[in-house]
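Every heavy atom of this structure was used, including side-chain atoms; hydrogens, water molecules and symmetry mates were not. In what follows, every chain begins at residue 1, and chains take the letters A, B, ... in the order their sequences are listed.
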Amino acid sequence: MDQLKQIHAQTITIGLARFTYITSKLLAFSAMSDIDYAHTILNQTNTPTIFDYNSLILGYSKTSKQEMGILLYTQMRNNRIEPNARTFPVLIKTCDCISSLLQVHGHVVKLGNVFDVYVTSSLIYMYSNLKAVELAIQVFEESSYKNVVCCTSLITGCFNNGLVDEACKVFDEMPERNDVSYSAMISGLVRNELFNKAFELFLHLKQSGLVKPNRPLLLTILTACGKIGALDKGKNIHHQLLEESFTFDLEIDTALLDFYAKCGDIEKAEDIFIKMRYKDVATWSSMIMGLATNGRNESAIKLFEEMTHKGPVPTDITFIAVLVACNHKSLVTQAWCLIGKMFKVFGIQPGIEHYGCMVDIFARSGQLKGAEILINLMPMEPDEAIWGSFLHGCLTHSEICLGERAGKRLIELDPSHSGRYVGLANMYADIGRWENVIRLRNMMVERKVDNTPSWSFIEVDGVVHKFFVHDQFHPRVNDLCEILQILNKLSMNQ
DNA sequence: ATAGGGTTAG
């Protein structure tokens with residue numbers, strides 16, 4: 001950037017600045033790294049062109065000052081500079097609410113001659129980004145020319161708004177696919193927890209050799225392996241990353257660290273952490289969470305303290321990680337202090353996960369009253385996890401009345417929610433009040449509550465095995481039950 | 001002569 005400033009100074013000294021394309025080139029270049037400097041160049045230009053505005057709006061679209069896009073567009077039009085087709089893809093990217101996007105979309109339609117496939121794909125991307133996926137679909141359907149980018153935009157948009165079937169349909173029907181569209185498809189499946197489908201498609205891609213898996217795709221697959229604990233599969237990706245000689249950078253190293261930690265190889269994760277030259281807040285958070293979920297709670301808390309002294313500024317996610325460690329050690333006061341510190345020192349508003357951790361800590365340690373007060377005080381609607389912690393705490397500390405009251409109130413609040421019946425029923429079952437369990441089950445049938453059961457899974461030799469509660473479908477269910485009994489006995493004797 | 005869209009780690 002300093003060099004760029006020198007060049008800029010020189011163009012002014014030797015009089016080159018009057019050649020507008022030289023100044024424009026400087027502006028475009030600096031808009032990528034120093035937006036304020038780029039804006040100064042625009043302000044110093046006597047007759048800014050459409051090139052200058054387009055470059056500057058693009059620059060702002062990549063910063064947090066999104067609102068500058070519309071502002072510059074207005075200023076540009078006041079200066080009687082007409083926008084062209086290249087103005088809109090970048091302007092659309094700076095729209096931070098649906099009303100400004102609708103307004104910009106209106107301008108595109110009104111001008112007519114600026115509507116092209118770049119504008120279409122940007123509109124699809126931005127409408128779905130702002131949670132208006134129906135409008136994205138509408139733009140897509142009304143467009144006469146749909147290229148691979150438009151289709152990919154819509155696939156991502158559908159996936160991010162829960163429209164899984166629609167995303168698959170667009171992918172199946174698109175005439176041409178490249179590495180980015182495969183990447184979008186597979187990462188969308190992973191985000192929607194359709195891991196088997198994602199791995200199937202990845203395998204198909206590798207075997208067919210249609211397109212080469214790119215860096216984002218390999219990172220997505222690695223993350224998916226971590227989420228389902230697929231150690232061997234993930235190790236393969238690790239090797240592939242080495243073979244592809246992608247430069248091992250912050251993102252890849254952090255993804256690897258997180259993957260090994262999630263698969264239980266905490267030593268390997270620590271090894272990567274220690275060897276990393278550049279670590280950012282995601283790296284630290286990942287390591288703290290890895291230690292906490294692997295039972296190394298003291299180390300997690302120690303690492304967090306080290307981070308506050310000489311590491312990057314923690315985020316909301318870092319605090320979740322250290323709260324998990326506190327939870328495992330029943331450090332009620334310390335957890336409470338951390339949440340206070342998070343808000344007062346770091347200005348981070350507690351989210352539902354932070355409240356969730358705290359309720360769980362209270363409930364586990366038997367402070368059910370504290371947990372109840374917190375649930376009533378929290379500014380958002382408590383979710384399943386929070387009520388689950390509370391009910392479980394009521395049960396383990398024999399606070400049956402409190403649990404019963406909470407469970408009943410929950411069902412009244414949302415009679416169509418199966419989890420609320422199941423939570424209370426599980427509590428009755430554990431204390432042997434079977435008549436109440438049966439009553440709740442009947443109530444669910446009468447009220448036609450959708451009761452899709454929960455499930456868990458494990459990957460063995462590349463196959464994901466899925467289990468429901470009391471599921472007897474697995475071919476080796478007897479062996480599995482026998483092993484479970486042995487494990488239960490072992491943990492009882494400890 | 002200069003300016004545009006889709007996939008990516010906690």
What is the nucleic acid contact for [X], judged by heavy atoms within less than 4.0 Å: base, sugar-phosphate only, or nothing?
| X | result |
| --- | --- |
| A:S181 | base |
| A:T315 | base |
| A:R177 | nothing |
| A:F51 | base |

If I take atom [atom1] in residue [X] and atom [atom2] in nucleotide [N], what distance separates them, rounded to the nearest angstrom?
| X | N | atom1 | atom2 | value |
| --- | --- | --- | --- | --- |
| A:Y145 | B:dG6 | OH | C1' | 14 Å |
| A:E244 | B:dT8 | CD | C1' | 15 Å |
| A:L217 | B:dT7 | CG | C1' | 8 Å |
| A:M32 | B:dG4 | CE | C1' | 10 Å |
| A:E82 | B:dA3 | CD | P | 21 Å |
| A:E251 | B:dT8 | CD | P | 11 Å |

Looking only at N and O atoms, is any donor in the side chain of [X] or the base of [N] less than 3.5 Å from an acceptor on the other one?
| X | N | value |
| --- | --- | --- |
| A:S153 | B:dG6 | no |
| A:S122 | B:dG5 | no |
| A:D280 | B:dG10 | no |
| A:N84 | B:dA3 | yes |

Any [X] side-chain nitrogen or oxygen under 4.0 Å from OP1 or OP2 of [N]:
| X | N | answer |
| --- | --- | --- |
| A:K93 | B:dG5 | yes |
| A:K279 | B:dG10 | no |
| A:S187 | B:dT8 | yes |

- request: Would you check if A:Y118 stacks with the base of B:dG4, given a 5.5 Å centroid limit and a 30° plane limit, both strict?
  value: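 Yes, A:Y118 stacks on the base of B:dG4, since the ring centres sit under 5.5 Å apart and the planes are within 30°.
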
A:E134 and A:Y127: side chain donor to acceptor below 3.5 Å: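 Absent: no donor and acceptor within the cut-off.
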
- prompt: Within a strict 4.5 Å, meaning less than it, do heavy atoms of the A:T220 and A:T223 side chains meet?
  reply: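 A side-chain contact under 4.5 Å is absent here.
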
query: Is any side-chain heavy atom of A:P213 closer than 4.5 Å to a side-chain heavy atom of A:F202?
result: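 Yes, close enough: below the 4.5 Å cut-off.
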
task: Assess whether side chain to side chain donor-acceptor pair (under 3.5 Å) is satisfied between A:Y278 and A:D249, documenting all intermediate values.
output: CA-CA 8 Å; A:Y278 301 102; A:D249 56 21; over 6 Å; no

task: Would you name the heavy atoms of A:K65 and A:Y60 that are closest together and state the gap between them?
output: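 For A:K65 versus A:Y60, the nearest heavy atoms are O-CD2, 3.7 Å.
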
